[in-house]
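Scroll down for the structure; my scribbles are underneath it.
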Amino acid sequence: MSFSARLLGWYDRSARVLPWRIAPGRAEVPDPYRVWLAEVMLQQTTVAAVAGYFAHFTERWPTVADLAAAGDAEVMAAWAGLGYYARARNLLACARAVVAEHGGCFPDSEAGLRALPGIGAYTAAAVAAIAFGRPAVVVDANIERVIARHRCIETPLPAAKRAIRDALAPLVPGDRPGDFAQALMDLGATLCTPRAPVCARCPIAADCRARGRADIERLPVKPPKKARPRRHGVAHWIERDGAIWLVQRPGKGMLGGMRALPGGEWSDEPPGESGIVRVDHGFTHFDLTLVLVRRETADAAAEGIWWPISDLDAAGLPTLYRKLVVKMLERDA
DNA sequence: GAGACGTGGAG
DNA sequence: TCTCCAAGTCT
């Protein structure tokens, strides 16, 4: 039996049930908007983390036109806590481009999708395959791992991407390419896991070159990690009449475009003053220690908004600031 | 190609 | 506690 037949047979029996997925065998037609939204949310983000956000977004903005008509602030606030906030900025830009330049319908080709904001090689291929049945070569981190092991590719990532893609391309079936891609991702997420893969239940183990190797977990080979430096910052708690002063961070860079507590630039050295509350927060490429100090007044020139303390959940603060606020309120309590 | 860019869960 | 890392994209 062919690679894709074995894989799809397994998928028909074992596909995960996910809110954005149409179960294999159902005649239902996928909604490209929902497929795209899920794919963007799932970039570098776990299924568990995405589920609630996906439900909220699709309920509040059922179509791409609804999303395109939404305001920047409400979309950024709805994304708060999910991370990688450039995705939210690009999400909105993409929705607006689909409405303005494509009459509200997503392009049905990989190239057309790839040209939209926030849609890279992976997402373009995934949407083309899943939403439009195009035989695109979908390669994400799961699929890289599955193929690197199946072919025993020893080249370290990211240089191995070419070999992985070349190995996968001839395996993509003309029929059910979307299920094929999702099957490989499910396989990587549930059986061909980074650690302790379950080869005994793998549908493609028969011809897997890494099966049985004691060092199968070594594949795919990845470059060594770099140490994360620690940085420091000060945030200001400016309170008046049961409200606190919130600002919006610059459109680019860390937490770009997100609502935040005001404060100084982050630095490599600890600040002179010690705060009343402190949080340690890990980002991808550095750890941050942020201290909170009271201030009586905001910068006269600064743009911002007085936000009721009783309704801070609705402010859409990223996790860093939410942690600080929670600690501050616990302290006062 | 390499670095920037979040967060929370698992082992 | 600590490291790894999850359906990547952009510059």
Looking at every strand, decide which applies to A:P158 at a 4.0 Å heavy-atom threshold: base, sugar-phosphate, or nothing.
-> nothing
Euclidean distance, atom CG of residue A:L157 to atom C1' of C:dC5 [Å, nearest integer] = 13 Å
Can you check the A:E39 CD to C:dT9 C1' distance for me, whole Å?
-> 14 Å
Between C:dT9 and B:dG8, how far is it from one P atom to the other, in whole Å?
-> 22 Å
Take A:F283 and A:H281 through the ring-ring contact (aromatic ring centres under 6.0 Å, His included) test and state the conclusion after the steps.
-> CA-CA 7 Å; A:F283 291 116; A:H281 191 73; 4.9 Å; yes
Whole-Å distance separating the CH2 atom of A:W36 from the C1' atom of C:dG8 | 15 Å
How does the hydrophobic cluster around A:V293 look, that is, which other residues are in it when side-chain heavy atoms under 4.5 Å mark a link?
-> A:V234, A:V291
In chain order, what residues pass the side chain to side chain contact (heavy atoms under 4.5 Å, CB included) check against A:D166, with sequence neighbours excluded?
-> A:R162
Can you tell me how far P of C:dC4 sits from CG of A:D287, to the nearest Å?
-> 13 Å
Would you mind classifying the nucleic acid contact of A:L288 as base, sugar-phosphate or nothing, using non-hydrogen atoms under 4.0 angstrom?
-> nothing
With heavy atoms under 4.0 Å as the rule, sort A:W20 into base, sugar-phosphate or nothing.
-> base
Quick one: side-chain hydrogen bond (donor to acceptor under 3.5 Å, both in side chains) partners of A:R26, sequence neighbours excluded?
-> A:E28
When you check the side-chain N and O atoms of A:E39 and A:Y122, is any donor under 3.5 Å from an acceptor?
-> yes
Got a sec, which residues hit side chain to side chain contact (heavy atoms under 4.5 Å, CB included) with A:R176, two or more places apart in sequence or on another chain?
-> A:L8, A:Y11, A:D12, A:P24, A:D179
For DNA chain C, stems built from three or more consecutive Watson-Crick or G-U wobble pairs below 3.5 Å = B:2-5 with C:8-11, B:7-11 with C:2-6
Identify every side-chain donor-acceptor pair in residues 254-262 of chain A under 3.5 Å, counting partners at least two apart or on other chains, and give the distances.
unit_1 : atom_1 : unit_2 : atom_2 : d
A:R259 : NH1    : A:A315 : O      : 2.8

Tell me: CG of A:L91 to C1' of C:dG8, nearest whole Å?
-> 14 Å
Please state how far atom CZ in A:R16 lies from atom P in C:dA6, giving the value in whole angstrom units.
-> 12 Å
Phosphate oxygens OP1/OP2 of C:dA6: is one of them under 4.0 Å from a side-chain N or O of A:R145?
-> yes
List in chain and number order the residues that pass side chain to side chain contact (heavy atoms under 4.5 Å, CB included) with A:S267, two or more places apart in sequence or in another chain; answer none if no residue qualifies.
-> A:E269
Sorted by chain and number, sequence neighbours left out, side chain to side chain contact (heavy atoms under 4.5 Å, CB included) with A:R218 holds for A:E154, A:R213, A:D215, A:V221
Backbone of A:A196 reached by a side-chain donor or acceptor of A:E217 within 3.5 Å | yes
With sugar-phosphate taken as primed atoms, P, OP1 and OP2 and all else as base, the protein-contact string of nucleotides 4-11 of chain B at under 4.0 Å (heavy atoms; B, S, -) is SBBBS---
Separation of B:dA2 atom C1' from A:K226 atom NZ, nearest Å, is 7 Å
Who are the side-chain hydrogen bond (donor to acceptor under 3.5 Å, both in side chains) partners of A:R87, not counting sequence neighbours?
-> A:T45
What parts of residues 108-135 of chain A reach DNA chain C, counting only heavy atoms under 4.0 Å away?
-> A:R114, A:P117, A:G118, A:I119, A:G120, A:A121, A:Y122, A:T123
Side-chain atoms of residues 58-78 of chain A: list all donor-acceptor pairs with protein atoms under 3.5 Å, sequence neighbours left out, distances to 0.1 Å.
unit_1 : atom_1 : unit_2 : atom_2 : d
A:T58  : OG1    : A:F54  : O      : 2.8
A:T58  : OG1    : A:A55  : O      : 3.2
A:R60  : NH2    : A:E74  : OE1    : 2.8
A:T63  : OG1    : A:A65  : N      : 3.3
A:T63  : OG1    : A:D66  : N      : 3.1
A:T63  : OG1    : A:D66  : OD2    : 2.9
A:D66  : OD2    : A:T63  : N      : 3.1
A:D72  : OD1    : A:R96  : NH1    : 3.2
A:D72  : OD1    : A:R96  : NH2    : 3.1
A:E74  : OE2    : A:G71  : N      : 2.8

